[in-house]
Student: 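Pasting a structure below so you can have a look.
Per chain, numbering begins at 1; letters A, B, ... match sequence-line order.
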There are 2 protein chains.
Amino acid sequence: MSKTKVLIVEDYRPLVETLEYQLKRAGYEVYRAADGREALNQAKLYLPDVVVLDVDLPVLSGVEVCKQLRSDATTKDTLILMLSALGEESDQVVGFAVGADDYVVKPVESYKVLLQRIKALLRRREPSMDDADAISRCGVTVDRRRFVATIEGEAVKLTKSEFRLLDTLIRQPGRAFDRSELVDAALGEDTMVLERTIDVHVRALRKKMNEHADLVETVRGIGYRFREE
Amino acid sequence: MSKTKVLIVEDYRPLVETLEYQLKRAGYEVYRAADGREALNQAKLYLPDVVVLDVDLPVLSGVEVCKQLRSDATTKDTLILMLSALGEESDQVVGFAVGADDYVVKPVESYKVLLQRIKALLRRREPSMDDADAISRCGVTVDRRRFVATIEGEAVKLTKSEFRLLDTLIRQPGRAFDRSELVDAALGEDTMVLERTIDVHVRALRKKMNEHADLVETVRGIGYRFREE
DNA sequence: TGAGATCTTCATCAAACCTTCAACGAAACG
DNA sequence: CGTTTCGTTGAAGGTTTGATGAAGATCTCA
């Protein structure tokens, strides 16, 4: 799993420094921009998960940046946390009107709060991977919460890649996946790997499935699928 | 396990009807209130797990209801999901400020999304025996009230972090937690520490568990879990 | 304030895991 | 049949990950 990317757009250096330090410490990947135009460039280049956006920026205001991010297909789902100076309450309304996801007033009393809000935002977006926690087909069970797969009730020890591969296949039995789909699903969309790598993982998976290996079927010329029925 | 209880507080009938139908279908027990005062009464009477709370209510505003729920000992841990009308986005800020756990903007585009949010909330708090003061598994007992853990009846002296770590893990045996979840649960949501710090606490915990160290299992690529069964 | 307890970070090591490659074999096609 | 295409297989680096010991920072409480 790749690191979560955060873009800080703020021209007040001390704030940027502290925030960047804290975020990096916590394992995030941090980018920065000091004005609106730079912000847009960075955002489109790095596609961050979260943008911490000051309202009061040189060149291009935060509100404008927000609008443009929202209108571009590649960045419209980016989480945006707006920062604005105290007292300018109308900013707040405007901020949300142009689609900010959260709003914090400067001066930031406590970095902890800001960090917490960033975390909260990220958590809120998560429910993408949340359908049906455990699924079961043909005696094979895949439980995401426990990160455990069982065959005929017996636990099978899978590696992360094998697990995600099986998880992907079993969730749409009968559907044939080509290798590039499987690379994206099981190894991560941002990995650059030869598609043949999937073959090797399939082999490892089949081996661990013993006599049930044939549930993972080969679709010649395409890729693989989980047996239907 | 008794059904999960959801209280819908909303005065717009069509929304209530649909939501209630969907929630019941999904196996929840549903209560409803059309204004703020009624909401408080119901909440204190039925102690729902989740309150879906409209901001804009007759008699008593959602914000006020939220505040009061949070200040009452019997309802202070209730999960609150706020609904606010589009255009009144500053409500969201206030909502979080008074302690809402999540918010969704009306009109609700998709009930699926709302349901997912509710589920996500519940999952975060999941431990169904969350309120149980003491829990026991595989010879290990964790007593929140006394802040004491015992193994095979023998008391084990744990630090606060170790205790909360064990407490988190043992309350959902088998469930795999990633490190960031464990940081939030054991060290506090407002701390920004390297996720690797968890490894060190786990080691300390295992050491104190002696021959039972293997009850805390490593889930490679994910994090840790408490052994199931 | 100071000593001890606790927390956090860091460097290092070994094991688990991933990826690539090349040789082999099985199906498809003329 | 021979050829070609494609999947399978075993093995060899290379990388990532968790365990561990130790040291510095921070907190706690007398």
Side-chain angles (χ1 to χ4, degrees), chain A residues 1-3 21-29 112 115 147 149 156-166 168-169 176-210 213-225, chain B residues 147 149 156-166 168-169 176-210 213-225:
Chain A
M1 205 171 338
S2 76
K3 283 187 186 176
Y21 173 70
Q22 293 286 346
L23 286 168
K24 278 192 174 157
R25 255 165 60 98
Y28 295 89
E29 206 169 305
K112 280 188 175 179
L115 296 170
F147 199 79
V156 179
K157 204 182 157 211
L158 300 180
T159 69
K160 198 162 140 183
S161 299
E162 289 152 15
F163 183 86
R164 299 216 280 175
L165 186 58
L166 178 59
T168 305
L169 294 172
F177 292 84
D178 65 41
R179 292 184 174 71
S180 89
E181 288 181 286
L182 293 175
V183 167
D184 285 354
L187 310 177
E189 310 211 358
D190 48 2
T191 47
M192 299 283 288
V193 216
L194 293 182
E195 297 192 344
R196 289 284 146 208
T197 301
I198 289 298
D199 299 26
V200 181
H201 286 300
V202 166
R203 176 173 57 119
L205 180 58
R206 282 173 170 162
K207 194 163 188 177
K208 292 182 181 178
M209 291 173 74
N210 296 317
D214 53 356
L215 288 176
V216 177
E217 299 176 326
T218 300
V219 186
R220 183 165 245 264
I222 308 288
Y224 300 91
R225 77 168 149 230
Chain B
F147 193 77
V156 179
K157 201 184 158 209
L158 300 180
T159 70
K160 193 167 149 189
S161 299
E162 289 153 14
F163 183 85
R164 298 216 282 172
L165 186 57
L166 177 59
T168 304
L169 293 171
F177 293 84
D178 64 40
R179 291 184 174 72
S180 89
E181 288 181 283
L182 294 174
V183 167
D184 286 352
L187 310 176
E189 303 206 358
D190 55 354
T191 50
M192 279 278 166
V193 294
L194 291 182
E195 298 191 340
R196 291 282 149 211
T197 301
I198 289 298
D199 298 27
V200 182
H201 287 298
V202 165
R203 176 169 60 117
L205 179 58
R206 281 175 170 161
K207 195 162 189 178
K208 292 182 181 178
M209 290 172 74
N210 294 317
D214 53 356
L215 287 177
V216 177
E217 299 177 324
T218 300
V219 186
R220 181 168 250 264
I222 307 288
Y224 299 91
R225 79 168 143 233

Student: So which atom in B:Val216 and which in B:Arg206 form the shortest heavy-atom distance, rounded to 0.1 Å?
Tutor: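 Smallest heavy-atom distance, with atoms named: O-NH2, 2.7 Å.
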Student: Quick check on D:dT20: is either OP1 or OP2 less than 4.0 Å from any side-chain nitrogen or oxygen of B:Arg206?
Tutor: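 No.
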Student: 5'-most contact on DNA chain D: A:Lys207 or A:Val219, nearest heavy atom basis?
Tutor: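 Between the two, 5'-proximity favours A:Val219.
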Student: Look at the side-chain N and O atoms of A:Thr159 and state whether any lies under 4.0 Å from the OP1 or OP2 oxygen of C:dC18.
Tutor: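 So the side-chain polar atoms of A:Thr159 do come within 4.0 Å of the phosphate oxygens OP1 or OP2 of C:dC18, strictly under.
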Student: Please state how far atom NZ in A:Lys157 lies from atom C1' in C:dA15, giving the value in whole angstrom units.
Tutor: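 Atom NZ in A:Lys157 sits about 10 Å away from atom C1' in C:dA15.
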Student: When the distance from CD1 of B:Ile222 to C1' of D:dT17 is rounded to whole Å, what number comes out?
Tutor: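 It is 12 Å, rounded to the nearest whole Å.
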Student: Are any of the side-chain heavy atoms of B:Val219 and B:Tyr224 separated by less than 4.5 Å?
Tutor: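 Side-chain contact under 4.5 Å: no.
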Student: Could you check how far CG of B:Leu165 sits from P of C:dC7, rounded to whole Å?
Tutor: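 Between P of C:dC7 and CG of B:Leu165: 11 Å.
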Student: Below 4.0 angstrom from OP1 or OP2 of D:dA19, is there any side-chain N or O of B:Thr218?
Tutor: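 So the side chain of B:Thr218 is within the cut-off, an N or O lying under 4.0 Å from OP1 or OP2 of D:dA19.
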Student: Between B:Leu205 (CG) and C:dC7 (C1'), how many Å, whole number?
Tutor: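 Distance check: B:Leu205 CG to C:dC7 C1' gives 15 Å.
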Student: Walk along nucleotides 19-30 of chain C from 5' to 3' and tag each nucleotide B, S or - by protein heavy-atom contact under 4.0 Å, base first, then sugar-phosphate.
Tutor: BBS----B-S--
Student: Just the rounded figure in Å: distance from P of D:dT20 to CG of B:Asp199.
Tutor: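 Spelled out: CG on B:Asp199 to P on D:dT20 is 11 Å.
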Student: Compare all side-chain heavy atoms of B:Ile222 with those of B:Glu181 and state whether any distance is below 4.5 angstrom.
Tutor: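 B:Ile222 vs B:Glu181: side chains apart.
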Student: Which pairs would a plain distance check flag for residues 192-202 of chain B, meaning a side-chain donor or acceptor within less than 3.5 Å of a matching protein atom at least two apart in sequence or in another chain?
Tutor:
residue	atom	partner	partner atom	Å
B:Arg196	NH1	B:Asp199	OD2	2.7
B:Thr197	OG1	B:Leu194	O	2.9
B:Asp199	OD1	B:Arg179	NE	2.7

Student: Let me know the distance between NZ of B:Lys160 and P of D:dT26, rounded to the nearest Å.
Tutor: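 In whole Å, D:dT26 P and B:Lys160 NZ are 18 Å from each other.
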Student: Taking 4.0 Å as the cut-off, does a side-chain nitrogen or oxygen of A:Tyr224 come that near to OP1 or OP2 on D:dC6?
Tutor: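 Answer no for this pair, as no side-chain N or O of A:Tyr224 is under 4.0 Å from OP1 or OP2.
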Student: With respect to B:Leu166, which candidate in B:Val156, B:Leu158, B:Leu215 satisfies the side-chain contact (heavy atoms from CB on, under 4.5 Å) definition?
Tutor: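 Of B:Val156, B:Leu158, B:Leu215, side-chain contact (heavy atoms from CB on, under 4.5 Å) with B:Leu166 is met by B:Leu158 alone.
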Student: Take the protein atom CG of A:Asp178 and the nucleotide atom C1' of D:dC6, then report the distance between them rounded to whole Å.
Tutor: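 Roughly 15 Å, once rounded to whole Å.
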Student: Quick one: closest heavy-atom pair of A:Phe163 and A:Ala149, and the distance?
Tutor: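 For A:Phe163 and A:Ala149, the tightest heavy-atom pair comes out as CE1-N, 4.1 Å.
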Student: Could you give the CD-to-P distance, from A:Glu162 to C:dA16, as a whole number of Å?
Tutor: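 A:Glu162 atom CD is separated from C:dA16 atom P by 14 Å.
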Student: Please give me the minimum heavy-atom distance between B:Arg164 and B:Gly188, naming the atom from each residue.
Tutor: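 Reported closest heavy-atom pair: NH2-N, 4.0 Å.
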